[in-house]
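First comes the structure, then the notes that go with it.
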Amino acid sequence: MPTSILEARNLVKKYGDFIAVNDVSFTIEEGEVFGLLGPNGAGKSTTIAMLSGLFPPTSGGGAIGGLDVVRDLAKVKQIIGVVPQELALYPTLSGRENVRFFGELYGLRGKTLSERVDEVIGYVGMSERANDRVQTYSGGMKRRINLAAGLVNHPRLLFLDEPTVGVDPQSRNHIFESVERLNRERGMSILYTTHYMEEAERLCHRVGIIDRGKLIALDTPRRLIESLGGGIIQLGLAAANEQVRAAVESLPAVRSAAFVVGEEDAEGKAILKIEASHGNEALLQVLHYCNEANIDILSLDLLEPNLETVFLNLTGKSLRD
């Protein structure tokens with residue numbers, strides 16, 4: 001049986017009447033890359049902050065390596081690395097000095113510290129610029145040094161919170177390769193938050209989809225995508241008509257049909273979202289029905305199955321919304 005490195009149990013975080021995280025539970029196995037996928041403001045960073053000890057949960061709890069994240073926080077911090085979304089670097093120090101500083105906070109000294117600093121800077125591809133001040137770096141270079149600082153203590157579990165936001169393509173690819181190498185070569189467990197579905201599909205063994213503080217789906221990317229069957233068709237119609245919706249839903253290759261909440265888009269069209277069990281067949285059947293029933297189609301979008309369309313199907317909105 002796989003061994004869990006992290007257990008989140010019914011985590012709740014409230015700010016007055018606002019619930020930022022609402023009863024979130026999941027586990028991460030040893031050696032797993034686990035993704036939290038959701039839009040900005042969904043509760044991803046707050047979940048990481050509670051699990052890494054930045055602040056306690058309002059209720060619920062968690063454990064890392066068998067250690068309680070509240071009662072055993074000092075011990076927990078020795079076995080985790082945290083790479084926050086907001087850069088935690090001193091701009092007037094060099095990249096090397098920044099990483100060395102964080103190593104000293106973990107109690108590293110002397111030869112061990114120097115070797116670790118060189119190692120992790122090389123890991124993120126920053127050896128040639130390591131002695132330059134951070135203020136001279138591009139956004140992507142800062143992200144890579146930020147990642148190096150989170151690795152210097154050789155954590156068993158690494159928290160990566162939106163690590164590619166605002167980075168150039170070269171640095172983004174460096175970060176991807178670093179995550180894959182850390183997991184492949186060291187068996188490092190990683191909690192990776194993102195609102196980019198292609199990152200979750202590439203990097204993560206399992207994905208939890210979070211929206212408005214609630215975990216609404218959890219599985220492997222493949223199984224989440226397969227749950228959609230043939231994808232989603234979106235029809236723009238002149239008005240929301242229940243008879244049309246019911247007729248479309250009754251078509252053999254259609255799994256379900258519903259008008260999007262709010263019924264009309266910005267151009268005044270009523271958007272009928274059709275979940276297909278067989279995409280091409282469903283499209284042909286829908287078009288044939290609309291032609292026979294003299295229904296004007298104002299717009300048509302065929303969304304191929306991916307994590308973006310899984311999220312759209314679960315919430316009625318895009319990950320970017």
Side-chain angles (χ1 to χ4, degrees), residues 1-8 26-38 44-45 47-48 51-52 62-67 69 76-85 99 102-103 106 115-127 140 143-165 167 169-210 215 217-225 306-307:
M1 291 289 292
T3 303
S4 297
I5 181 66
L6 181 147
E7 298 177 18
F26 60 89
T27 62
I28 299 177
E29 309 302 335
E30 288 274 11
E32 181 179 31
V33 181
F34 182 91
L36 270 183
L37 178 66
K44 303 185 301 294
S45 296
T47 298
I48 280 186
L51 291 170
S52 62
I64 296 176
L67 302 167
V69 296
V76 166
K77 287 185 175 181
Q78 292 300 311
I79 62 172
I80 65 172
V82 182
V83 182
Q85 184 175 349
V99 177
F102 284 101
Y106 282 108
E115 289 176 348
R116 291 278 187 91
V117 170
D118 289 341
E119 173 195 0
V120 296
I121 286 175
Y123 219 92
V124 299
M126 284 292 292
S127 297
R143 289 280 175 193
R144 284 149 68 182
I145 287 294
N146 212 39
L147 173 56
L151 294 172
V152 71
N153 66 319
H154 282 186
R156 287 176 60 191
L157 173 65
L158 180 66
F159 293 98
L160 284 175
D161 191 11
E162 300 272 10
T164 64
V165 171
V167 308
Q170 182 183 18
S171 291
R172 192 167 184 248
N173 196 54
H174 263 296
I175 291 170
F176 289 165
E177 291 176 353
S178 296
V179 170
E180 290 167 336
R181 284 181 60 199
L182 288 165
N183 180 251
R184 180 179 65 251
E185 297 175 2
R186 298 187 180 181
M188 187 177 292
S189 307
I190 298 169
L191 173 53
Y192 190 104
T193 78
T194 183
H195 62 268
Y196 298 120
M197 60 91 182
E198 66 275 12
E199 295 186 3
E201 287 185 19
R202 171 175 172 172
L203 298 173
C204 300
H205 299 118
R206 288 189 304 142
V207 172
I209 297 179
I210 189 169
L215 197 65
L218 196 161
D219 211 328
T220 66
R222 174 176 290 184
R223 284 200 287 262
L224 286 170
I225 292 167
N306 56 34
L307 289 178

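Note that this is a predicted model, so its numbers are computed, not measured.
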- Looking at side-chain heavy atoms only, is the closest gap between P84 and D161 below 4.5 Å? no

- Query: Listed by chain and number, what are the salt bridge (Lys or Arg N to Asp or Glu O under 4.0 Å) partners of E180, not counting sequence neighbours?
  - Reply: R202

- Which heavy atom in G31 sits nearest to a heavy atom in H205, and how many Å separate them? O-CE1, 3.8 Å

- Item | For S189 against E29, the heavy-atom pair lying closest together | OG-O, 3.5 Å

- Pairs where residues 117-127 contributes a residue and the test salt bridge (Lys or Arg N to Asp or Glu O under 4.0 Å) is met, not counting sequence neighbours: R96-D118, E119-R186

- Task: Could you go through the side chain to side chain contact (heavy atoms under 4.5 Å, CB included) check for L36 and L191 one step at a time?
- Result: CA-CA 7 Å; L36 270 183; L191 173 53; 4.2 Å; yes

- Task: Spell out, as yes or no, whether a donor-acceptor pair under 3.5 Å connects the side chain of R156 to the backbone of G81.
- Result: no

- Note on the structure: Note: L51 and I64 closest approach over all heavy atoms is O-CD1, 3.5 Å

- Which atoms form the tightest heavy-atom contact between I225 and L307, and what is the distance? CG1-N, 3.9 Å

- Query: Between CD1 of I210 and OG1 of T47, what distance do you get to the nearest 0.5 Å?
  - Reply: 4.0 Å

- Face-on cation placement of R116 at Y106 ring, 6.0 Å and 45° thresholds: no

- Query: Given side chains that start at C-beta, do those of Y123 and L147 come closer than 4.5 Å, heavy atoms only?
  - Reply: no

- Query: Stepwise, does the side chain to side chain contact (heavy atoms under 4.5 Å, CB included) test hold for V167 with H174?
  - Reply: CA-CA 10 Å; V167 308; H174 263 296; over 6 Å; no

- Message: Show, in sequence, the C-alpha distance, side-chain angles and deciding distance for L218 and F34, and conclude whether the side chain to side chain contact (heavy atoms under 4.5 Å, CB included) test is met.
- Response: CA-CA 10 Å; L218 196 161; F34 182 91; 4.0 Å; yes

- side chain to side chain contact (heavy atoms under 4.5 Å, CB included) assessment of N183 paired with Y192: CA-CA 12 Å; N183 180 251; Y192 190 104; over 6 Å; no

- Item | Closest heavy-atom pair and its distance - P221, V207 | CG-CG2, 3.8 Å

- Task: Please report the shortest heavy-atom distance between T27 and E7, naming the atom on each side.
- Result: CG2-CG, 4.1 Å

- Under the criterion salt bridge (Lys or Arg N to Asp or Glu O under 4.0 Å), which of E177, E162, E198 is the partner of R172? E198

